[in-house]
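The structure displayed is predicted, hence computed values, not measured ones.
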Amino acid sequence: NDLSYNCAYEDMGLGHYVFESGSKHDIASMSLNVLAEVLPQIPKGQNINSLEGSGTSNYLGLRSHAIFKLKDVVKKSLEENDLEKVYRDMELPLSRVLGMMELHGVGLNCDYLKSLEEKFTDQLMEITCQIDEASGGENVNLNSPKQVGALLFEKLDLPIIKKTKTGASTDVEVLTKLDQMGLSPIPGLIMKFRELDKLVSTYVSALPKLINPNTKKIHTHFNQTVAATGRLSSDRPNLQNIPIRTENGRLIRKAFVPSPGNLLVSADYSQVELRLLAHFSEDPIMVAAFLNDEDIHAQTAAEEFEVETSSVTREQ
């Protein structure tokens with residue numbers, strides 16, 4: 001249940017990522033990009049994966065050879081770009097931490113999610129009834145853009161905001177504008193329906209199915225070499241996009257629970273990019289806001305909505 005091994009190790013994909021973050025970092029791609037000179041067994045421009053099953057008897061040998069050849073190429077590139085320290089002191093140790101995080105997983109309160117699913121399902125039914133009533137009993141499949149479009153632009157004769165190749169768009173931008181016009185309550189109800197429906201299908205009903213039967217936890221995969229910016233990504237499932245901006249989205253976050261005797265802690269940089277912007281721009285309003293320990297986002301919202309900073313809501 002840990003990664004307590006002491007042997008020396010290298011990670012070619014991670015090293016390659018450090019000096020060439022915008023590329024792919026699997027053996028086949030790295031071999032194609034950086035091994036043309038030092039691995040003559042692979043024809044120039046030949047993807048090593050394409051040799052599998054092609055009658056090439058030493059396919060596995062070539063892959064093994066590629067790993068060892070990559071070590072020299074990656075090491076040289078890291079040194080030439082003065083990135084050896086980033087790789088060895090930051091990224092490589094982090095890979096073990098991420099591995100331990102994946103192994104430990106995170107707990108999920110399935111009973112809570114079950115009750116949340118029932119709550120959201122009731123709300124979906126209520127919204128559907130409200131739309132049926134407001135549309136005169138049209139009985140529209142709200143998951144069908146075509147039927148929603150027919151309801152909005154034919155039955156209700158609302159103005160077409162944007163068109164696509166298949167007809168009038170019913171995306172969130174269009175629904176928001178129609179809702180702001182105040183011509184019908186239906187666009188706003190459709191947005192509420194879509195939000196709830198996505199929360200149920202993507203999270204509330206889906207997450208419990210991903211629990212490991214042995215550990216009783218969810219074990220996501222953290223990708224260290226995907227985002228060119230240096231950020232992590234997460235998949236199977238993606239635990240980095242659990243909603244937080246809406247009240248219903250925040251309810252889903254409550255389903256994640258710590259192991260007995262532990263705590264879940266939320267920590268983040270406090271507006272680090274804006275603090276840097278304030279420092280280098282020397283903008284007096286921004287500088288004053290940070291010196292006075294004010295919330296710069298709340299201040300911006302207060303100006304946009306023309307209210308006092310103390311009256312700004314989370315949604316604003």
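Of all non-hydrogen atoms in Val148 and Asn141, the two that sit nearest each other are CG2-O, 4.1 Å. For the residue pair Ala228 and Ser21, the shortest heavy atom distance occurs at O-OG, 3.4 Å. Heavy atoms only, all atoms of each residue included: Met12 and Ile67 are closest at CG-O, 3.9 Å. Across all non-hydrogen atoms, the minimal contact from Val74 to His16 is CG1-N, 4.0 Å. Residues Tyr9 and Ser95 approach most closely at OH-OG, 4.2 Å, considering heavy atoms. Between Gln299 and Glu294 the shortest heavy-atom distance is NE2-OE1, 3.5 Å.
Between Glu247 and Lys254, none of the side-chain N atoms (NZ, or NE/NH1/NH2) sits under 4.0 Å from a carboxylate O, so this pair counts as no salt bridge. Salt bridge annotation for Glu126-Lys192: absent, with no cationic side-chain nitrogen under 4.0 angstrom from a carboxylate oxygen.
Counting heavy atoms from C-beta outward, Val18 and Ser77 have side chains that stay 4.5 Å or more apart. By the 4.5 Å heavy-atom criterion applied to side chains, Leu116 and Tyr203 are not counted as neighbours. Side-chain contact between Leu210 and His219 is absent, with no heavy-atom pair separated by less than 4.5 Å. For the pair Leu175/Asp171, no side-chain contact is recorded, criterion being any heavy-atom separation below 4.5 Å from C-beta on. Ser205 has its side chain out of reach of Leu113: every pair of non-hydrogen atoms, C-beta onward, lies at least 4.5 Å apart. Contact of the Thr313 side chain with the Gln316 side chain is registered, since non-hydrogen atoms from C-beta on lie closer than 4.5 Å. Side-chain contact between Tyr17 and Val226 is absent, with no heavy atoms from C-beta onward closer than 4.5 Å. Taking the side chain as every heavy atom from C-beta outward, Leu14 and Thr225 approach each other to under 4.5 Å.
Interatomic distance, CD of Glu117 versus SG of Cys110, reported as 11.0 Å (0.5 Å rounding). Annotation: the span from Met101 atom CE to Phe222 atom CZ amounts to 4.0 Å, rounded to 0.5 Å. One finds the CD1 atom of Ile190 at 7.5 Å from the OG1 atom of Thr170 (value rounded to the nearest 0.5 Å). Summarising the geometry, atom CZ belonging to Phe120 is positioned 4.0 Å from atom CG belonging to Asn248; distances are rounded to the nearest 0.5 Å. In this structure, OG on Ser184 lies 11.5 Å from NZ on Lys155, to the nearest 0.5 angstrom. The CD atom of Glu138 lies 9.0 Å from the CD1 atom of Ile186; values are rounded to the nearest 0.5 Å.
Judged purely by atom type and a 3.5 angstrom limit, Arg275 has no side-chain atom pairing as donor or acceptor with the backbone of Phe290. Of the possible donor and acceptor atoms, one in the side chain of Asn292 sits under 3.5 Å from a partner among the backbone N and O of Ala288. Side-chain atoms of Asp283 come within 3.5 Å of backbone atoms of Met286 as a donor-acceptor pair (strictly under, hydrogens ignored). Distance alone, capped at 3.5 Å, is enough to place a donor-acceptor pair between the Ser135 side chain and the Asp132 backbone. Between the Ser234 side chain and the Leu239 main chain, a donor and an acceptor come within less than 3.5 Å of each other. Panel note: side chain Thr300, backbone Ile296; a donor-acceptor pair is recorded below 3.5 Å.
In the displayed structure, Met181 atom CE is contacted under 6.0 Å by more than 12 heavy atoms of other residues, nucleotides or ligands. Within a 6.0 Å radius of CD in Glu133, other residues, nucleotides and ligands contribute 12 heavy atoms or fewer. Within a 6.0 Å sphere centred on CD of Glu304, other residues, nucleotides and ligands contribute 12 heavy atoms or fewer. No more than 12 heavy atoms of other residues, nucleotides or ligands shown are found within 6.0 angstrom of CG on Asp82. Counting non-hydrogen atoms of other residues, nucleotides and ligands closer than 6.0 Å to CD1 of Ile285 gives a total of 12 or fewer. Within a 6.0 Å sphere centred on CG of Asp293, heavy atoms belonging to other residues, nucleotides or ligands number 12 at most. Residue-environment remark: CD (Glu308) stays at or below the threshold of 12 foreign heavy atoms within 6.0 Å.
Inspection of the Thr164 and Ser169 side chains reveals no N or O donor paired with an N or O acceptor under 3.5 Å. In the model, Ser115 has no side-chain atom that pairs as donor or acceptor with a side-chain atom of Glu118 under 3.5 Å. Side-chain polar atoms of His25 and Ser29 form no donor-acceptor pair below 3.5 angstrom. No hydrogens or angles considered: nothing links the side chains of Gln240 and Ser233 as a donor-acceptor pair under 3.5 Å. Residues Gln224 and Asp11 bring no donor and acceptor atom of their side chains to less than 3.5 Å of each other. Side-chain contact check for Glu10 and Tyr87: at least one donor-acceptor pair (N or O, by modelled atom type) lies under 3.5 Å. Using a 3.5 Å distance cut-off with no hydrogens or angles, the side chains of Arg236 and Thr220 do not pair a donor with an acceptor. For the residue pair Arg253/Ser266, the side-chain donor-acceptor check at 3.5 Å is not satisfied.
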Next on the checklist: Walk me through whether Lys71 and Lys76 qualify under side chain to side chain contact (heavy atoms under 4.5 Å, CB included).
Outcome noted: CA-CA 9 Å; Lys71 182 176 183 295; Lys76 181 180 178 182; over 6 Å; no
Next on the checklist: Is there a side-chain hydrogen bond (donor to acceptor under 3.5 Å, both in side chains) between Lys217 and Ser259? Walk through the geometry before answering.
Outcome noted: CA-CA 10 Å; Lys217 292 182 177 181; Ser259 301; 3.0 Å; yes
Checklist entry - After noting the C-alpha distance and the side-chain angles of Glu154 and Lys146, does the key distance pass the salt bridge (charged side-chain N to carboxylate O under 4.0 Å, His left out) rule? => result CA-CA 11 Å; Glu154 295 175 19; Lys146 185 176 181 179; over 6 Å; no
Item to check | side chain to side chain contact (heavy atoms under 4.5 Å, CB included) evaluation trace for Ile131 with Leu151 | outcome: CA-CA 10 Å; Ile131 292 175; Leu151 170 64; 4.3 Å; yes
Next on the checklist: Determine whether Ile161 and Glu173 satisfy the following criterion, side chain to side chain contact (heavy atoms under 4.5 Å, CB included), listing intermediate values before the conclusion.
Outcome noted: CA-CA 9 Å; Ile161 305 296; Glu173 179 185 357; 6.0 Å; no
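Val106 and Val257 are not part of a single hydrophobic cluster, where members link through side-chain heavy atoms under 4.5 Å apart. Using a 4.5 Å cut-off between side-chain heavy atoms of Ile, Leu, Val, Met, Phe, Trp and Tyr, with links allowed through other members, Met100 and Phe256 fall into different hydrophobic clusters. Cluster membership for Ile218 and Leu98, using ILVMFWY side-chain heavy atoms within less than 4.5 angstrom, is not shared. Transitive grouping of hydrophobic side chains (ILVMFWY, heavy atoms separated by less than 4.5 Å) keeps Leu264 and Val97 in distinct clusters. By the rule that hydrophobic residues join a cluster once side-chain heavy atoms approach within less than 4.5 Å of another member, Val312 and Phe305 end up as members of one cluster.
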